[in-house]
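Just the heavy atoms: all of them, side chains too, but no hydrogens, waters or symmetry mates, feed the values below. Throughout, residue positions are numbered sequentially from 1 according to the sequence presented.
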Amino acid sequence: MQEFYVGQSYEFEKTIQEEDVEKFAEVTGDYNPLHMDEEYARTTMFGGRIAHGMIGAGIISGGLAMYLPGIGTTYLGQEITFKNPVHIGETIHVKLEIIELIKKSKFDIAKIKTTCTNGEGMIVIDGVATVIPPKV
């Protein structure tokens with residue numbers, strides 16, 4: 001039986017592909033030309049297309065559900081800040097770290113620092129997730 005503890009962490013990487021952006025737009029209806037139209041996106045401060053920020057948030061969600069705390073996790077909330085853009089084809093490094101455990105009578109609550117960095121080590125997404133870890 002796994003015990004969760006403050007300081008416990010898990011790290012993984014995901015490369016954001018063109019297909020990820022297309023599927024996200026299809027599922028959400030977010031066809032903002034900043035994400036979908038290179039000609040338009042070149043005229044913006046980003047100089048080209050960038051991935052939807054919520055794709056990164058979704059990858060964090062997947063990491064919480066599958067790795068730390070893992071299968072059976074219930075997501076309660078997420079504080080999130082988008083610090084830098086993620087370009088299509090870029091690999092993001094995700095770090096999940098338990099920063100607080102709150103004991104309740106029927107379940108525990110975990111606060112998990114969620115940080116994504118790009119290949120240059122720049123933080124692209126920063127935040128804290130609040131979850132109910134699975135009972136194991």
statement: Separation between CE (Met45) and CG (Leu34), nearest 0.5 Å, reads 8.0 Å
query: Are the side chain of Thr114 and the backbone N or O of Gly127 linked by a donor-acceptor pair below 3.5 Å?
result: yes
task: Report yes if some heavy atom in the side chain of Leu76 is under 4.5 Å from a heavy atom in the side chain of Ile132; otherwise report no.
output: yes
message: Please enumerate all residues that pass side-chain contact (heavy atoms from CB on, under 4.5 Å) together with Thr43, with sequence neighbours excluded.
response: Tyr40
task: Answer whether the closest heavy-atom distance between the side chains of Ile109 and Lys104 falls below 4.5 Å.
output: yes
message: Tell me the closest heavy-atom pair linking Val21 and Ile55, and the distance in Å.
response: CA-CD1, 3.9 Å
field: Shortest non-hydrogen separation from Ile16 to Ala51 and the atoms involved
entry: CG2-CB, 3.7 Å
- prompt: Between CE of Met54 and NE2 of His52, what distance do you get to the nearest 0.5 Å?
  reply: 11.0 Å
message: As an exercise, state the distance from CE of Met66 to OG of Ser61, rounded to the nearest 0.5 Å.
response: 11.0 Å
- prompt: Just by distance, do the side chain of Thr44 and the backbone of Phe46 share a donor-acceptor pair under 3.5 Å?
  reply: yes
task: With sequence neighbours left out, write down each residue that passes side-chain contact (heavy atoms from CB on, under 4.5 Å) with Lys23, or none if nothing qualifies.
output: Glu19
message: Do Ile50 and His35 have side chains that approach each other closer than 4.5 Å (heavy atoms only, starting at C-beta)?
response: yes
query: Does some side-chain heavy atom of Tyr31 sit less than 4.5 Å from a side-chain heavy atom of Asp37?
result: no
query: Once the angle between the rings of Tyr67 and Tyr10 is folded into 0 to 90°, is it parallel (under 30°), tilted (30 to 60°) or perpendicular (over 60°)?
result: parallel
query: Are side-chain heavy atoms of Phe82 and Cys116 found at a separation under 4.5 Å?
result: no
query: In terms of side-chain geometry, is the basic nitrogen of Asp126 or Lys113 positioned less than 4.0 Å from the acidic oxygen of its partner?
result: yes
